[in-house]
Protein chains: 2
Amino acid sequence: MARPGVPSKPGAASDASEGTRQALVGAAIEVLRTGGFHAASARRIADQAGCNQGLVFYHFGTVANLLLAALDAVSADRFERYSAAVAQAPSPAGLTDVAAAIFEEDLDSGHAKVLVELIAGSSAVPGLGAEVAARIEGWTDFAEGAISGSVDPVLLAATAPATEIAYGIVAMYLGLEMLSHLDGDRAKALALFGRARQLVALAGAMGILPDVKGDDPR
Amino acid sequence: MARPGVPSKPGAASDASEGTRQALVGAAIEVLRTGGFHAASARRIADQAGCNQGLVFYHFGTVANLLLAALDAVSADRFERYSAAVAQAPSPAGLTDVAAAIFEEDLDSGHAKVLVELIAGSSAVPGLGAEVAARIEGWTDFAEGAISGSVDPVLLAATAPATEIAYGIVAMYLGLEMLSHLDGDRAKALALFGRARQLVALAGAMGILPDVKGDDPR
DNA sequence: GTCTATACTTGGATAGAC
DNA sequence: GTCTATCCAAGTATAGAC
């Protein structure tokens with residue numbers, strides 16, 4: 001957002017600064033989304049933000065730092081959305097539905113691609129991998145919480161701990177995102193969510209899992 | 001295989017050419033493995049191969065073409081390995097063991113990373129995505145064949161078609177590869193294979209899956 | 001077939017004017 | 001805080017000498 005004629009008022013200086021920062025973060029998300037890690041250069045991002053290339057380095061020091069800020073921004077956004085959705089569907093069946101809906105949302109909005117591109121691109125910049133890994137941990141923790149909050153502890157003990165399941169869920173999410181983007185077809189991935197839903201219902205009928213819509217047994 | 005410079009002399013002379021080609025393909029694999037898509041430039045690959053940068057363009061036209069040749073090379077290699085392993089363990093339980101063993105092999109050898117980097121990097125080069133997608137299809141087809149060859153058709157009909165399961169397996173494989181490389185810890189991924197093995201055994205005991213079909217080797 | 005040299009482009013990062 | 005100008009490194013690709 002170029003503001004050629006806007007003078008910086010005394011005291012409102014941090015407003016303009018914050019505005020530019022946010023514009024850059026938003027632009028970084030957009031570029032990662034559409035062009036991937038490779039396209040996410042300071043010049044392209046600044047173009048997208050409508051500001052100068054040097055501002056990337058002024059505000060973030062390096063391009064990698066800006067990309068991490070972008071990841072944090074989408075993560076915060078999605079975390080709110082996920083939390084609200086999970087809170088309203090604390091049963092295994094409900095969770096499966098929520099997972100499917102959110103997966104499709106992320107596919108549309110491109111939020112998942114930002115994550116995948118940053119993970120794969122981590123090899124490019126020394127130190128980036130560790131930063132990204134720390135942020136992924138937030139998601140596995142979240143998934144773990146959702147699982148242990150909705151699945152009977154006895155069942156978990158009999159099959160697999162929530163930690164392991166959460167790790168698998170996150171991996172599956174990333175893999176499906178990659179494949180869906182690659183062949184531009186989300187139907188196959190969504191079909192899998194449908195199957196999962198079906199199997200959860202089957203398990204419910206067999207008495208292994210709590211019945212659909214049932215309250216949290218605990 | 002449209003080569004830019006087809007040797008003008010019939011007969012010999014293609015030995016040296018073929019040697020260089022193979023050196024470049026091997027070097028491309030190595031660079032993708034260790035440095036990712038970002039590092040896979042003509043210069044770095046040629047350095048690794050011990051030859052001149054211009055040869056990349058002489059033999060392959062573009063860097064992207066060389067990377068695809070590298071993907072084909074590792075795919076051919078792994079396809080042989082997978083086929084042999086699957087042939088010796090056609091039961092669901094055996095398949096799970098084979099999958100775990102091969103996943104670890106791929107993690108060590110870096111073959112899986114070559115695939116992941118190319119998928120994620122596809123956004124960088126127009127047209128690359130379609131080429132990579134076509135090659136992934138070979139793997140989903142392979143997985144589908146292995147599944148329908150070892151799981152009871154009746155059970156498949158009751159749960160999910162082999163095509164869908166195969167898609168999910170490939171997605172999971174890619175996701176686990178990404179996460180394992182990211183935090184440099186393969187234990188979590190391998191633990192999941194252990195759980196899968198356990199669940200297959202449980203299903204066998206419940207009579208849902210064949211109890212190690214008559215295949216048991218030796 | 002292979003190498004050297006080179007043209008052209010893009011990207012990261014800094015300095016200094018406004 | 002923001003912009004222009006600039007430096008330097010790295011990349012793709014081609015031409016032409018050996």
Side-chain angles (χ1 to χ4, degrees), chain A residues 1-25 27-28 31-32 35-69 121 123-128, chain B residues 2-25 27-28 31-32 35-68 121 123-128:
Chain A
M1 221 152 298
R3 322 176 189 178
V6 177
S8 40
K9 297 176 187 175
S14 62
D15 272 2
S17 178
E18 200 54 35
T20 306
R21 281 182 66 93
Q22 284 178 12
L24 283 172
V25 167
V31 174
L32 275 174
F37 186 86
H38 164 85
S41 69
R43 287 180 149 90
R44 283 219 220 177
I45 294 172
D47 273 3
Q48 175 78 31
C51 72
N52 188 271
Q53 167 254 141
L55 291 179
V56 168
F57 303 97
Y58 174 76
H59 285 291
F60 299 93
T62 65
V63 176
N65 283 343
L66 168 54
L67 299 184
L68 284 174
S123 324
V125 184
L128 184 56
Chain B
R3 266 192 249 178
V6 180
S8 38
K9 297 172 197 163
S14 58
D15 268 7
S17 179
E18 200 53 38
T20 306
R21 280 180 70 92
Q22 285 178 13
L24 283 172
V25 167
V31 173
L32 274 174
F37 186 87
H38 165 84
S41 69
R43 287 182 206 267
R44 281 220 220 177
I45 294 173
D47 272 3
Q48 176 79 29
C51 72
N52 188 273
Q53 168 254 144
L55 289 179
V56 167
F57 304 96
Y58 174 76
H59 285 291
F60 299 92
T62 64
V63 176
N65 283 342
L66 168 54
L67 299 184
L68 284 174
S123 325
V125 184
L128 184 56

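Letters go in sequence order (proteins before strands), and every chain restarts at 1.
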Q: For the pair B:Arg43 (side chain) and B:Gln53 (backbone), establish whether a donor and an acceptor sit closer than 3.5 Å, ignoring hydrogens and angles.
A: no
Q: Any sub-3.5 Å donor-acceptor pair from A:Arg44's side-chain atoms to A:Val31's backbone N or O?
A: no
Q: Rounded to whole angstroms, how far apart are CG on B:Leu55 and P on C:dT4?
A: 10 Å
Q: To the nearest Å, how far apart are A:Arg21 CZ and D:dT2 C1'?
A: 15 Å
Q: With sequence neighbours left out, write down each residue that passes side chain to side chain contact (heavy atoms under 4.5 Å, CB included) with A:Val63, or none if nothing qualifies.
A: A:Ala42, A:Val56, A:Phe57, A:Leu67
Q: Within a radius of less than 6.0 Å around NE2 of B:His38, do more than 12 heavy atoms belonging to other residues, nucleotides or ligands occur?
A: no
Q: Whole-Å distance between C:dG1 P and B:Phe60 CZ?
A: 13 Å
Q: When every nucleotide of nucleotides 8-14 of chain C is labelled 5' to 3' by its protein contacts under 4.0 Å (heavy atoms), B for base, S for sugar-phosphate only, - for none, what sequence of letters results?
A: ---BBBB
Q: Give me the distances for all protein-to-nucleotides 16-18 of chain C N/O pairs that come in under 3.5 Å?
A:
none

Q: Give, for atom CG of B:Asn52 and atom CG of B:Asp47, the distance between the pair rounded to the nearest 0.5 Å.
A: 9.5 Å
Q: Measuring to OP1 and OP2 of C:dT2, would you say a side-chain N or O of B:Thr20 lies under 4.0 angstrom away?
A: yes
Q: To the nearest 0.5 angstrom, please state how far the CD atom of A:Gln48 sits from the CG atom of A:Leu32.
A: 11.0 Å
Q: Could you state the atom-to-atom distance from CG of A:Asp47 to P of D:dT2 in whole Å?
A: 16 Å
Q: Is A:Arg21 close enough and on-axis enough to A:Tyr58, meaning under 6.0 Å and within 45°, for cation-pi?
A: no
Q: Can you tell me how far apart NE2 (A:His59) and CG (A:Leu66) are? Round to the nearest 0.5 Å.
A: 10.5 Å
